[in-house]
J.: 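Structure below; questions to follow.
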Amino acid sequence: MTPEEFRHAGHEVVDWIADFRATLESRPVMARTAPGEVARAFPTTPPEQPQSLEALFATLDATIVPGVTHFGHPRFFGFFPTGGSLSSMLGDFMSTGIGALGLTWQSAPALTEVEEVTTDWVRQMVGLSAAWRGVIQDTASTATLVALVCARERTSGFALTGEGLQRGGSPLVVYVSEQSHSSVLKAALVAGFGRAHVREIGVDASYAMRPEALDRAMREDQARGWTPCAVVATSGSTTCTAFDPIDAIATLCVEHGAWLHVDAAMAGSAMVLEECRPLWAGVERADSIVLNPHKWLGAIFDCSLYLVRDPEHLVRVMSTNPAYLQSTAATGVTTYRDWGIALGRRFRALKLWTLIHLDGVESIRARIRRDLDHARWLAGVVAATPGWRVVAPVPLQTVCVRHEPPGLQGEALDAHTRAWCDRVNASGVAYLTAAVLDGRWMVRVAMGAPTTERRHVEETWRAMQDAVA
Ligand code: PLP
């Protein structure tokens, strides 16, 4: 493809995306595709000759778009928001167009320095002190893995330079809340701690980790010769946006010499609002934090921000310096390949830059306040409607609800809950996620798609009521 052919096709693609976004509301939210249906629409062998752009758009419209659940839809209330702002998409286009690969500072000085600037902008936006330095990772899963590897190396006195965890000795333990995200357990397993050394700590009535239970577990472990290594506290848990008490947990981490990592993947974005910051009080005492601008801040996936207080430790754990990556200009600059796992790094900072530059922080704050307001409104009407219950506190934008018809309990109630959630999703009107809280199924309604207005929440509430009727 020549640049002129690209210009023509590219304009059509941009027009297509703008039309797609403008008409999202009229489309079903959830993909209703049968398994194998998408694959069957494609030729089984690759075309030998160039095919037309028109044929490509025809497949896009007929097969691909209906084969996607639309996170950007104004009535998408599933999982957590990852809708992505159009302003951020422009930066993603630019990143792809420039095609930079951040192997070293020299290979794209702008890639490194725009990342330094924009991660620092986000730090300021969420009210963290200048003690923090940031790096963009693909996902929170990767950032948490890096955090636990850093914790392991601090506790083990850099075992990776010798026998790693294979030398025996005192087992290192990771503590998480029983409400922590599955990526935390996965990170602990991949980092080599072993399932037996991941302790799930119980929660209180608001689903927050109980510090006294954490303290007890750490003491029990020490008494049996194990070593507390890391605690992962969650700010905004996935099931019901619970906030672990970071300050109390930080005190225990200091006492027991453990690393404190804060998983604020979703709720970190809320900290652009000063009124939300008490929810993560004590966060300055953590060793590392992850927050995903690709969730609620509006950045296009993938863009996860990993923040550390001690970049030297991070670099010491992650650096490799083979001859082919050494360059003369490498002193006094940041070498981001040593801040994480990947060597080749995309120019992700561009999508953060275009988001913040073109939208401005004020409008991001207004959007997040709007979502908090929608959640409060929905929680209010659900709580006031006979037969319905809000089953968890609503500190942010996720409302956990259950429809509890008289006489329905246990597994029958679970079956009812899952059935009405499936009916809403299958209708195409809205998308919700069912999840288990206290051993019972309930349904999460998570605000945060870019263009959700009150009427979309009202339409969804009507669809929920229809589904149980
Ligand atoms: N942590 C929390 C609290 C989450 O809610 C999620 C995903 O929703 C993750 C971590 C994992 O995020 P990622 O998909 O970026 O790995």
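Just so you know, ligand 1 is whichever comes first in the structure, and atom 1 is the first atom listed for that ligand. Just so we're clear, the structure is a prediction, and the values are computed from it rather than from any experiment.
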J.: Can you tell me if Ser237 contacts ligand 1 (heavy atom of the residue under 4.0 Å from the ligand)?
T.: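 It does not, in that no heavy atom of Ser237 comes within the 4.0 Å cut-off of ligand 1.
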J.: Should Ser183 be counted as touching ligand 1, given the test is an N or O pair under 3.5 Å?
T.: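 N/O-N/O distance under 3.5 Å: no.
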J.: Tell me if a side-chain donor or acceptor on Ser88 pairs with a main-chain N or O of Ile300 at a distance below 3.5 Å.
T.: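 The answer is yes, because a donor-acceptor pair under 3.5 Å joins these two groups.
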J.: Once rounded to the nearest 0.5 Å, what's the spacing between atom CZ of Arg444 and atom CG of Leu432?
T.: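 Output value for this atom pair is 10.0 Å.
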J.: Considering only heavy atoms of Phe80, which atoms of ligand 1 have at least one such atom less than 4.0 Å away?
T.: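 Under 4.0 Å from Phe80, ligand 1 has these atoms: 5 (O), 8 (O).
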J.: Could you see which bit of Asn292 sits under 4.0 Å from ligand 1, with heavy atoms only: side chain, backbone, both or neither?
T.: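 The side chain, only.
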J.: Which class fits the ring pair Tyr306 and His261: parallel under 30°, tilted 30 to 60°, perpendicular over 60°?
T.: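 Geometry flag for His261 against Tyr306: tilted rings.
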J.: For atom 16 (O) of ligand 1, what is the nearest protein heavy atom, given as residue, atom name and distance?
T.: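 I find the closest protein heavy atom is Ser141 OG, 2.5 Å.
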J.: Quick one: sort the Phe158 and His313 rings into parallel, tilted or perpendicular, breaks at 30° and 60°.
T.: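 Correct class here is perpendicular.
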J.: Tell me whether the centres of the aromatic rings in Phe71 and His294 are closer together than 6.0 Å.
T.: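 So the answer is no for these two rings.
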J.: Check whether any side-chain heavy atom of Arg133 lies under 4.5 Å from a side-chain heavy atom of Thr334, and answer yes or no.
T.: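 SC-SC contact between Arg133 and Thr334 confirmed.
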J.: Which option out of His294, Gln137, His181 puts a heavy atom nearest to atom 11 (C) of ligand 1?
T.: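 Among His294, Gln137, His181, the closest heavy atom to atom 11 (C) of ligand 1 comes from His181.
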J.: Under 4.0 Å from ligand 1, counting heavy atoms only, is it the side chain of Ala140, its backbone, both or neither?
T.: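 For Ala140, the contact with ligand 1 is made by both the backbone and the side chain.
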J.: Of the protein's non-hydrogen atoms, which lies at the shortest distance from atom 1 (N) of ligand 1, and what is that distance?
T.: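 For this ligand atom, the closest protein heavy atom is Asp263 OD2, 2.7 Å.
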J.: Pair Asp359, Ser363 - check side-chain hydrogen bond (donor to acceptor under 3.5 Å, both in side chains), show working.
T.: CA-CA 6 Å; Asp359 285 3; Ser363 86; 4.7 Å; no
J.: Any idea which protein heavy atom is nearest atom 14 (O) of ligand 1, and the distance to it?
T.: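 For atom 14 (O) of ligand 1, the nearest protein heavy atom is Lys295 NZ, 4.1 Å.
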J.: Give the residue and atom name of whichever protein heavy atom lies nearest to atom 3 (C) of ligand 1, and the separation in Å to one decimal.
T.: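 I find the closest protein heavy atom is Thr238 OG1, 3.4 Å.
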J.: What I'd like to find out is whether the side chain of Phe79 reaches to under 4.5 Å of the side chain of Met266, using heavy atoms alone.
T.: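 They are not in side-chain contact.
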J.: Only heavy atoms of Gly236, strictly under 4.0 Å: list the atoms of ligand 1 that pass.
T.: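 Heavy-atom distances to Gly236 below 4.0 Å select 3 (C).
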J.: Looking at ligand 1, is there an atom of it that comes within less than 4.0 Å of some heavy atom belonging to Ala143?
T.: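 Ala143: no contact with ligand 1 (<4.0 Å).
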J.: For a quick check under 3.5 Å, do Asp263 and Thr234 share a side-chain donor-acceptor pair by atom type?
T.: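 Their side chains do not contain a donor-acceptor pair, so the 3.5 Å distance test is not met.
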J.: Under a 4.0 angstrom heavy-atom cut-off, which atoms of ligand 1 come close to Thr139?
T.: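 Checking each atom against Thr139, I get 13 (P), 15 (O), 16 (O).
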